[in-house]
Amino acid sequence: MPELPEVEVVRRGLDAHVTGRTITAVEVLNLRAVRRHEPGPADFAGRLAGRSVVAASRRGKYLWLELDGAEAIIAHLGMSGQMLVQPEGVADEKHLRVRVRFADGGPELRFVDQRTFGGLALADMVEAAGAAVPAPVAHIARDPMDPAFDPDAAVTALRRKRTGVKRALLDQTLVSGVGNIYADESLWRTKLHWARPTEKLTRAQAGELLSAATEVMTEALAAGGTSFDALYVNVNGQSGYFERSLAVYGQEGKPCRRCGAEIRRDPFMNRSSYSCPRCQPMPRNPHV
DNA sequence: CCTAACTCCTGCATGC
DNA sequence: TGCATGCAGGAGTTAG
């Protein structure tokens, strides 16, 4: 599932293959893919023709192609979204949702998404907390890879939230970029149970958790991202290799690599949390 | 204002 | 074999 490292891999691919090019035509093959673009698919396609891409940017799991004229194509990959750069004429992917053609006649950009949780939209660039971002991203906190990321402010935000630590870590308005996989990995590295109430966290513990998240995502990025069941691929259609390095996520029943206890899976927010029962003991007052 | 549940979607694995 | 169910889950929306 695309979290920060996977989205960053895609951003780099887009920067290399799309930045500097001029759009000639956009084809929306699935309405749901542009549902966040309020004026509708015709408006989306019509307003993109003739525009130039000046940069590929990212905050957390959001990425966007900045255009001339203070607008951007904002993209969220959801669970299964892919940005593919394909030569014209290559057979359409089964779940091709949007096609973008360019004036140079080179490879086209394809948004492919099986589960359709992702989508594209055209948005205005706005000023938010000293940064220029598309309007729909204004409420998203800076991620740990952002040069302007403020760890102390993030620690304060996490501890102010009255909930379990994993819920807080997944809240993109506090710290962005972390999803279910890297949340579990970060908690394991910090030896914290996912249901630990945030108000019981010391500043030091919250800081260690953020450091662990930064560390694990940095390692994943170096490996090209994490991938399962071939749903996530980078801009050229290649999967990452970080899944081999996961300590707890998806490892139910396997021995903890630190203590040997069997990794457990708990239901959490209609999904799963993986943890080591010995390294990450359940708190006395779990916040489920 | 705050937190948590709900909802969207497709494909694969599992069970009866 | 076929059908129902569960699971993967990010984030906007709604409810309390």
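We name chains A, B, ... by the order of the sequence lines, and we start the count at 1 in each one.
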Worksheet, complete the sentence: Each nucleotide of nucleotides 5-10 of chain B classed B (base within 4.0 Å of a protein heavy atom), S (only sugar-phosphate) or -, in 5' to 3' order, makes S--BBB
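Pairing partner, C/dT1: none, since no Watson-Crick or wobble contact has both distances short of 3.5 Å.
At whole-Å resolution of the value, NZ in A/Lys166 and P in B/dT3 are 19 Å apart. Atom NE2 of A/His139 and atom C1' of B/dC2 are 16 Å apart (whole Å). Rounded to whole Å, atom P of C/dA8 lies 12 Å from atom CZ of A/Phe268. The CD atom of A/Gln251 sits 14 Å away from the P atom of C/dA8 (whole-angstrom rounding). A straight line from CD of A/Glu252 to P of C/dG6 spans 17 Å, rounded to a whole angstrom. Nucleotide B/dA4 holds its P atom 10 Å from the CG atom of A/Asp171, rounded to whole Å. Nucleotide C/dA8 holds its P atom 17 Å from the CD atom of A/Glu6, rounded to whole Å. If you take CH2 of A/Trp194 and P of B/dA4, they are 12 Å apart, rounded to a whole angstrom.
Residues A/Tyr182 and A/Leu4 are not in side-chain contact: their nearest non-hydrogen atoms beyond the backbone lie 4.5 Å or more apart. A/Leu29 places none of its side-chain heavy atoms less than 4.5 Å from the side chain of A/Arg97. A heavy-atom distance below 4.5 Å is found between the side chains of A/Leu67 and A/Ile73.
For the pair A/Arg167 and A/Trp194, the cation-pi criterion (under 6.0 Å, within 45° of the ring axis) is not fulfilled.
A/Ser273 and A/Asp266 are not linked by any side-chain donor-acceptor pair at a separation below 3.5 angstrom, with hydrogens and angles left out of the test. Checked by atom type, the side-chain pair A/Gln82/A/Glu93 shows no donor-acceptor distance below 3.5 Å. Looking only at atom types and distance, the side chain of A/Arg101 has no donor-acceptor partner in the side chain of A/Thr24 under 3.5 Å away.
Open room surrounds CG on A/Asn270; 12 or fewer heavy atoms of other groups in view lie less than 6.0 Å from it.
With A/Asp171 as the fixed residue, the salt bridge (Lys or Arg N to Asp or Glu O under 4.0 Å) test singles out one of A/Arg162, A/Lys161, A/Lys166: A/Lys161.
DNA chain B is contacted by A/Lys161, A/Arg162, A/Thr163 of residues 157-165 of chain A, taking any non-hydrogen atom closer than 4.0 Å.
The side chain of A/Ser272 places an N or O atom within less than 4.0 Å of a non-bridging phosphate oxygen (OP1 or OP2) of C/dA8.
With C/dG10, C/dA8, C/dG12 as the choices, the nucleotide that has an atom nearest any side-chain atom of A/Lys61 turns out to be C/dG10.
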